[in-house]
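Quick caveat, the model's predicted, so the values are computed rather than measured. Values below: every heavy atom of this structure, side chains too, minus hydrogens, waters and symmetry copies. We name chains A, B, ... by the order of the sequence lines, and we start the count at 1 in each one.
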Amino acid sequence: MAYDHLSVEPRWQKYWEDNECFVAKRREGHPKYYVLDMFPYPSGSGLHVGHPEGYTATDIVARHKRMQGYDVLHPMGWDAFGLPAEQHAINTGTHPRETTANNVKTFRTQLKSLGFSYDWSREVDTTEPKYVRWTQWIFLKLFNSGLAFQSEIPVNWCPVLGTVLANEEVIDGLSERGGHPVVRQPVRQWQLKITEYADQLAADLEPLNWPDTKQKQREWIGRSEGAEVEFPVVGGDKKLKVYTTRPDTLFGATYMVIAPDHKMTLDICSSEQREEVKTYAEAAARKSDLERTSLGKEKSGIFTGAHATNPLTGKEVPIYTADYVLGAYGTGAIMAVPAHDTRDFEFAQAFDLAIVPVVSADGKAPDEPLTEAFADHGIALNSGKFDGLKTADFKSQIIDYLEAEGIGCRKVNYKLRDWLFSRQRYWGEPIPVYFPVECDGDPRTGAEAKIDYQTPIAVDESELPLLLPELEDYHPGDPQGPLSRALEWRYFQKDGKWFARETNTMPQWAGSCWYYLRYLDPQNETEIFSEEAYDAWMPVDLYMGGAEHAVLHLLYARFWHKVLFDAGVVKHAEPFTQLVHQGMILGQSHRYYAVVDDDGKELERLDGDHEDVVPDKEQGGFVRPSTGHKVEARWLNDNIDWKGGEAHEPESGVKLAIISEKMSKARGNVVNPDDVVAEYGADSLRVYEMFMGPLEQVKPWQTNGLAGVRRFLDKVDKVARKELGADSDDETNKLLHRTVKKVGEDIEQMRFNTAVSTMMIFTNHLIGLKTPPPKEAVEKLLLLVSPFAPHLAEELWELLGHPPSISAESWPSFDAALCVDDVVEIPLQVNGKVRGRVSLAKTADEATAKAAAMDIEKVRALVEGKTLRKIVYVPGRILNFIVS
RNA sequence: GCCCAGGUGGCGGAAUUGGCAGACGCGCUGGCUUCAGGUGCCAGUGUUGGAAACGACGUGCCGGUUCGAGUCCGGCCCUGGGCACCA
């Protein structure tokens, strides 16, 4: 390797820091650009190579924008509350604050070693009191506007984690973090009324420059339009209200279903059915999502004994209760139209209920009984005076009719639920609320205290931040959380009365909901940020981060932003103008198979992609079908025997299969950026990560590729150290201007991979010149390279006699006239097949082109003597002779 | 099941949006340099037939539009991601 990255890189990192090169400042007459990375959770295992991918991309954009004259805000911080540090505290007794501080230190050092142009003076840490203060301040805004409320609802309780999880944190009945089982259990909770903003959250997505994430959020919000209709319950004056998006199928409603947890379920059921219904409802309440989804493929349910009257047909229909109807959505009850709803169809078949078609493609009754639900739109039948209407017309007419008759109304519904905001853990922001206490004596010394949770009182703004108490024991498990044990902290007296603090804490999402705002003015002690700072930088122009945050973080943050907007704290309805998700980087590992006998003794080794090995679906692992032997997958990452371009296991010589999958310690395929920086340098890592492929795509890490990138940087170094010339030949000059053009365009469109290859091509050209490379060309190359490989660019820029820093130079311009060719080589086709090439002026007319083509012997041979049917000539593109 | 994204050499990936498929990089082969090479340089490298000139085939599969399709249209298969009783 030609240059010593170990001395070059730290030198320039120190220079940037000492000279405050990247401190964000606004200047008169310069446009602003706010480029934001999703800040990391500082985990104990440090940075992995996935982090620098997005960070390098944004750093290139930031450096490029600065060179274009923008004032750039490019900050970094720490999302430092979270379970791992608390788990560590439970295991070792180390305070999470200490663990967190250590991890932050590691992360900061690692990020600095990669040469990112962050304004480190704006670093934020969500766990610091001066940050927590404003998180709590926002909570008070939510609380005071009625958007934060308590409820006692069945929640996702995870016994292993000892906490409640949001719906979004539960995947297939297991916790998103850790994969522990989750059960339903009623616990007192704080919730945030995100549903109040459902409409705005969906509608305001429209103008944003976001990828598919917009659609994901829309689906998550799940807006639907329909009608609410009341069905009178037979015998009594009760009415059962249902929500439907297909009011046009009212005539086909042959039964009803009420959710087991609906508050009317036990009221309406007949006395004979009461016991059975009660048993069913209790069982349904205990069912976790896992049981409901994986075991609940077969529809279950039970007849309540009650009937209701279809308000249109006047016919009586039975009312069932079944857990396929959710209590929390719509009205918690449905009219079932088995002919036109898949779920109702399945239920009707299982319980032998009537299936009456009221829609068909042509408006005629089907000849045969339906074998599946017809859920499409069509033309109405069996619907009285509405027969013959198209579904869409029927819908609007029937709703008008329902409203006129007073039996129903137009209604919009959302899948989105209110956000479960409390966690029964220690390492989070305390919720700044307290409650009155009835108590004889001092509750801090064990006197029994009766806490009135009905009357929450907000902590006064002047008392913020409300900080966490010190604890001996961080174990969770109590539904009130570990803070309930900090009696001295929990109970306090005011005006002679006792009060108890809220012992739940906020979820990790809280701090990340607004950190982009604190970067604006991180040291402000009197305001969350100054108006001046806000006006200087907001909104965020580019937000980069993983697609795994497409819904949760990005929806929560938008919700808080809208609350702050309505409170007059921020001035834009949306915080993030453009959003980009970098693709995951996969690790590579090498697999072979070991055939084992029943005792686990190894019998034989097989190639890692051996055809006679298939996954064992029943027992897990693998099996060899031809012999029935059990097979184990074995993984190898060191001591690989490479021969003929293939990987082999050194002992047996079997071929290793190369497997790309998410990096994990278990698989041993984690690449540590520190190692890469030490061996190849930060510039190589940065350029490699950009060169791997399109930014947003999932890409496998291949360490070999690093060497190629490093060779490129060495060539840049080599060419800059050559004797340079004053004059440029035309070809070099043309290529220079085209390179400048393409690299600039590629950065703007975030096509960094092709930007790198363009610079490689130009560098290869300069290296290959027989004459001294032109100084101008080399200098412009360095300017182009500088956002990608800033350390090397600085070093060589100085070498060429310029004062530092290259990051303060202007982005080079290009001459558009030099980027187009007057004369181009165009392919000559005969019957669509390329048979030759000829250089032609772009403006050449067809006759000239034809004459030139006929000079090419091969073309002439194929054309002469045949009937020329047609000539297709696109100047500057192609000439095609059609002959027969 | 539904909704997105994507299938191009041995590998990562290019392809000005309908006009020379495989840029750039890795790997591999041969050569030069070297006491030596896990270095550097030069040449070659889609498959196939051929000694060669040259020819045929080739962008997941089937069909279509077009002078011309990786690119457009219809159908299907596969991979990755998201959602999943939301009435």
Side-chain angles (χ1 to χ4, degrees), chain A residues 1-2 172 211-213 215-216 218-220 222-224 226 242-246 249 253 257 259 292-293 296-297 299 322-326 328-337 340-344 346-347 375 413-417 547-548 550-551 581 583-584 586 588 642-646 658 660 687-688 691-694 696-709 711-712 714 718 742 745 751 753-761 763-764 767 825-837 858 869-874 876-883:
Chain A
M1 288 189 262
D172 291 336
D212 304 339
T213 309
Q215 195 50 33
K216 277 190 196 165
R218 279 195 199 102
E219 281 164 15
W220 192 265
R223 184 181 197 276
S224 71
V242 301
Y243 172 70
T244 177
T245 55
R246 291 295 300 275
T249 60
V257 184
R292 282 180 49 124
T293 51
K297 294 278 181 212
K299 292 261 181 300
D323 64 4
Y324 85 90
V325 171
L326 307 174
Y329 181 76
T331 62
I334 61 155
M335 63 169 205
V337 186
H340 305 293
D341 182 282
T342 312
R343 298 150 300 182
D344 297 345
E346 284 168 13
F347 190 85
N413 252 314
Y414 302 93
K415 287 194 214 175
L416 185 70
R417 308 290 162 78
E548 66 273 22
V551 176
H581 298 303
M584 197 175 12
L586 303 178
Q588 264 193 357
W642 290 93
K643 51 187 175 198
E646 286 176 340
I658 296 175
S660 293
V687 177
Y688 174 61
F691 185 58
M692 287 173 79
E696 302 191 50
Q697 197 167 295
V698 175
K699 300 166 284 277
W701 178 270
Q702 296 181 103
T703 297
N704 280 339
L706 268 166
V709 156
R711 271 194 281 274
F712 158 61
D714 282 339
K718 187 176 161 189
K742 174 129 177 82
E745 287 170 354
R751 297 190 311 210
N753 54 329
T754 50
V756 173
S757 76
T758 303
M759 293 187 285
M760 285 175 167
I761 291 167
T763 307
N764 288 343
I767 284 274
E825 190 174 69
I826 66 166
L828 304 172
Q829 296 184 337
V830 179
N831 288 344
K833 296 202 176 195
V834 179
R835 300 296 180 181
R837 298 183 171 80
K858 213 160 127 190
R869 303 223 167 262
K870 190 174 176 184
I871 293 180
V872 180
Y873 176 56
V874 183
R877 287 274 196 209
I878 199 148
L879 177 60
N880 189 3
F881 296 97
I882 313 303
V883 300

B:C42 C1' sits how many Å from A:Asn764 CG, rounded?
14 Å
Side chain of A:Asp212, base of B:C4: donor and acceptor closer than 3.5 Å?
no
What distance separates A:Phe347 CZ from A:Ile334 CD1, expressed to the nearest 0.5 Å?
8.5 Å
Taking any heavy-atom pair under 4.0 Å as a contact, classify A:Val698: base, sugar-phosphate, or nothing.
sugar-phosphate
B:G9 versus B:G60 - spacing of their C1' atoms, nearest Å:
15 Å
Kindly say whether, by distance alone, the side chain of A:Lys216 makes a donor-acceptor pair under 3.5 Å with the base of B:C3?
no
For the side chain to side chain contact (heavy atoms under 4.5 Å, CB included) test, which of A:Asn880, A:Leu879, A:Val872 pairs with A:Gln829?
A:Asn880
What's the shortest heavy-atom distance between A:Met692 and A:Pro700, and which atoms?
CE-O, 3.3 Å
Please state whether the phosphate of B:C67, meaning OP1 or OP2, lies under 4.0 angstrom from any side-chain nitrogen or oxygen of A:Lys870.
yes
Mind checking the P distance from B:G38 to B:U29? Whole angstroms is fine.
13 Å
Given atom CD of A:Gln702 and atom P of B:C28, what is their separation to the nearest angstrom?
13 Å
Nucleotide N/O of nucleotides 14-16 of chain B paired with protein N/O under 3.5 Å:
{"residue": "B:A14", "atom": "OP1", "partner": "A:Asn753", "partner atom": "ND2", "Å": "2.8"}
{"residue": "B:U16", "atom": "N3", "partner": "A:Arg877", "partner atom": "NH1", "Å": "3.2"}

Return the CZ to CD1 distance between A:Arg837 and A:Ile826, rounded to the nearest 0.5 Å.
11.5 Å
C1' atom, B:C76 versus B:G18: distance in rounded Å?
24 Å
What distance separates A:Thr754 OG1 from A:Arg751 CZ, expressed to the nearest 0.5 Å?
5.0 Å
Distance between the C1' atoms of B:G6 and B:G70, in whole angstroms?
13 Å
Phosphate OP1/OP2 of B:G1 contacted by A:Thr342 side-chain N/O (<4.0 Å):
no
Output the single nucleotide from B:C3, B:C26, B:C83 whose closest atom is nearest the side chain of A:Lys415.
B:C83
Under a cut-off of 3.5 Å for both distances of each Watson-Crick or G-U pair, what dot-bracket string does RNA chain B give, using [ ] for crossing pairs and | for inter-strand pairs?
(((((((..(((......[....)))((((((.......))))))((((....))))..(((((..]....))))))))))))....
Please walk me through it: do A:Tyr414 and A:Ser224 pass side chain to side chain donor-acceptor pair (under 3.5 Å)?
CA-CA 6 Å; A:Tyr414 302 93; A:Ser224 71; over 6 Å; no
Which whole-number value in Å describes the distance from A:Leu586 CG to B:G13 P?
10 Å
What distance, rounded to whole Å, do you find between the two P atoms, one in B:G10 and one in B:U47?
7 Å
When all nucleic acid strands are considered with a 4.0 Å heavy-atom cut-off, which category describes A:Ile334: base, sugar-phosphate, or nothing?
base
Starting the side chain at C-beta, find the nucleotide from B:A21, B:G13, B:C67 nearest to A:Ile882.
B:C67
Partner set under side-chain hydrogen bond (donor to acceptor under 3.5 Å, both in side chains) for A:Tyr688, not counting sequence neighbours
none
A:Arg223 CZ to B:A87 C1', in whole Å, measures 16 Å
In this structure, OH of A:Tyr243 is separated from CE of A:Met335 (nearest 0.5 Å) by 11.5 Å
Could you give the distance from CG (A:Asn764) to CE (A:Met760), rounded to the nearest 0.5 Å?
8.0 Å
Tell me: CG of A:Leu828 to C1' of B:C20, nearest whole Å?
10 Å
Syn or anti for B:G31, with syn set at within 90° of 0?
anti
Side-chain N or O of A:Tyr329 less than 4.0 angstrom from OP1 or OP2 on B:A87?
yes
Inter-nucleotide C1' distance (B:C57, B:U8), Å rounded:
16 Å
Hey, does the side chain of A:Arg218 come within less than 4.0 Å of B:C83's phosphate (OP1/OP2), counting only N and O?
no
If the glycosidic angle is within 90 degrees of 0 it's syn, otherwise anti, so just tell me which one B:U17 is.
syn
Is A:Arg835 reaching over with its side chain to a backbone N or O of A:Pro827, donor-acceptor style, under 3.5 angstrom?
no
Spacing of CG belonging to A:Asn413 relative to OH belonging to A:Tyr329, to within rounding of 0.5 Å:
4.5 Å
Distance in angstrom units between A:Met760 CE and B:G13 P, rounded:
15 Å
Taking any heavy-atom pair under 4.0 Å as a contact, classify A:Arg869: base, sugar-phosphate, or nothing.
nothing
For A:Val325, the option from A:Thr331, A:Asp344, A:Val257 that meets side chain to side chain contact (heavy atoms under 4.5 Å, CB included)
A:Val257
By nearest-heavy-atom nucleotide on RNA chain B, the more 5' of A:Gln829 and A:Asn413 is A:Gln829
Per atom distances to the A:Lys699 side chain, the nearest of B:C57, B:G13, B:C24 is B:G13
How close or far is atom P of B:G25 from atom CG of A:Asn704, stated in whole angstroms?
15 Å
Winner on side-chain proximity to A:Val872, out of B:C24, B:A87, B:G19, is B:G19
Expressed in whole Å, how much space separates the P atoms belonging to B:G13 and B:G30?
29 Å
Say you pick atom C1' in B:C77 and the same atom in B:C67; how far apart are they, in whole Å?
32 Å
For A:Glu696 and A:Pro211, which heavy atoms make the closest approach, and how far apart are they?
OE1-CB, 4.4 Å
Rounded to whole angstroms, how far apart are CG on A:Asp344 and C1' on B:A87?
7 Å
Side chain of A:Val834 only, please: which of B:C85, B:A21, B:A87 is the nearest?
B:A21
Starting at the 5' end of RNA chain B, which residue's closest nucleotide do you reach first, A:Arg835 or A:Val709?
A:Val709
What's A:Gln215 touching, base or sugar-phosphate or nothing? Going by heavy atoms closer than 4.0 Å.
nothing
